[in-house]
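All remarks here apply to the structure that follows.
Just so we're clear, the structure is a prediction, and the values are computed from it rather than from any experiment. So you know, we letter chains A, B, ... as the sequences are listed, proteins then strands, and number each from 1.
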Number of protein chains: 2
Amino acid sequence: MLKMTDKKERILEVALRLFALEGYANVPTSKIAKAADVSEGLIFRHFGSKEALLDAILELGIEQVEHFVAEVKQETNPRLRIQKVIQLPLLVTREHEEFWKLQQSIKYHNPELATKYRQSEVFQSLVKSVEDAFSNLKYQNPKAETQLLMMIITNLFTIVEQEDLIIKEAFVKFVQSKYEE
Amino acid sequence: MLKMTDKKERILEVALRLFALEGYANVPTSKIAKAADVSEGLIFRHFGSKEALLDAILELGIEQVEHFVAEVKQETNPRLRIQKVIQLPLLVTREHEEFWKLQQSIKYHNPELATKYRQSEVFQSLVKSVEDAFSNLKYQNPKAETQLLMMIITNLFTIVEQEDLIIKEAFVKFVQSKYEE
DNA sequence: TATATTTGCAAGTGATTACTCACTTTTTAA
DNA sequence: TTAAAAAGTGAGTAATCACTTGCAAATATA
């Protein structure tokens, strides 16, 4: 990979944070520029357009998930593997969390970009590895089982404060208990 | 309730559809006006601001859910009640589905408005009624159990086409099977 | 019928938007 | 060292945005 200049990195970081927090459509490039302390023109010099910037952010996010996915896949005991997947939302950094939030928030209105992740090799291989685990454990419907679990995990990643919400750690444990022997 | 003029109704309908489909921030009031075949000014005459229009849409959505919630609550057999809740996403009209999508899509960036629904009497009473059912069935952790189920159902409402997605009906049945004896 | 209120429109308004351009500074490389 | 390439700036620009205003038509009320 090419060495990335400081300012380019900063634009990516700041934009991820702002997009995740306030929504892609609600964040003007001028605000990103100010927060990253660069000129607005530089954003377009580096990325060409606001949407291309979003695309670059997602690309980067996918890369960063790779390490965690590898960790999960390397676990050969199917039951332990499932426990590990469920635990992913707890292991993740702040930036990862922002990445997932962004992911979810663009799901409906930038579907091409959102599916980019779901269709990425990383994600697909994670799905497959979960499916294999369920198959090995003789679950009756491994595909549906996988879909349900992935849905739950995606939500775990992006849990936001709610009245009366059971805290993340406790809830993760609860979900794990559903997949014990 | 006051009789609502044709055009006011049309604005609400069209705005709901567009907001759900393209996202609140991505839909200009001019587009709503054109699609509803009214002048743009009329939107502001009736609702005052774009955000107030969104608010009115959510208010209306909450009202329309009431009927379904009543149906669920009236079921006294706890196991059947849970089955009924899970089936909600299948019974719902196109407009309901749009309402849920809108709900989800504003979750992150208009939290005040989004929590309006979660904190509404309708939703709270639905949650409580599910919690009671789990309690009656002697589930160990009825609160967490409820939270998990509500999470799943919310997702069922808003399922969008995905590669390899198990179709909604089949998936609903699968989820139901998880809560059988 | 007369009048007051509501409903409606077309043509604005200033602010904000994504993006461009002409230019300077820094870095790379021969 | 020098020239070319890349990184960076700041002042634009046209388009678009939510919203306003002044006035007309429709409707309700007396």
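- Listed by chain and number, the residues in a side-chain contact (heavy atoms from CB on, under 4.5 Å) with Val85(B) are Val72(B), Val130(B), Ile153(B) (sequence neighbours excluded).
- Here dT9(D) presents its P atom at 15 Å from NZ of Lys34(A), a figure rounded to the nearest Å.
- Here the two rings, on His96(A) and Phe68(A), have centers that are under 6.0 Å apart.
- Legend: salt bridge (Lys or Arg N to Asp or Glu O under 4.0 Å) pairs involving residues 169-181 of chain A, not counting sequence neighbours, sorted by first then second residue: Lys178(A)-Glu145(B).
- Between Leu12(B) and Arg10(B), every side-chain heavy-atom pair lies at or beyond the 4.5 Å cut-off.
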Inset, instruction - Scan nucleotides 15-21 of chain D nucleotide by nucleotide, 5' to 3', and note B when protein non-hydrogen atoms come under 4.0 Å of the base, S if they reach only the sugar-phosphate, - if neither. - result: --SBBB-
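- Stacking of Lys101(B) on the aromatic ring of Phe19(B) is not recorded, the 6.0 Å distance cut-off and the 45° axial limit not both being met.
- In this structure, the ring pair (Phe, Tyr, Trp, His ring centres under 6.0 Å) partners of Phe123(B), at least two apart in sequence or on a different chain, are Tyr117(B).
- Ala170(B) meets the side-chain contact (heavy atoms from CB on, under 4.5 Å) test with Ile166(B), Ile167(B); sequence neighbours excluded.
- Near-neighbour residues of DNA chain D inside residues 15-23 of chain B, defined by a heavy atom below 4.0 Å, are absent.
- Per the geometry, CG belonging to Leu42(A) stands 16 Å off P belonging to dT25(C), to the nearest Å.
- Residue His46(B) places at least one side-chain N or O closer than 4.0 Å to OP1 or OP2 of dG8(C).
- Tyr24(B) has its side chain out of reach of Leu18(B): every pair of non-hydrogen atoms, C-beta onward, lies at least 4.5 Å apart.
- For the pair Asp6(A) CG and dT26(C) P, the computed distance is 15 Å after rounding to whole Å.
- Here Lys7(B) reaches the OP1 or OP2 of dC9(C): one of its side-chain N or O atoms lies under 4.0 Å away.
- To the nearest angstrom, C1' of dA7(D) lies 14 Å from CD1 of Ile43(A).
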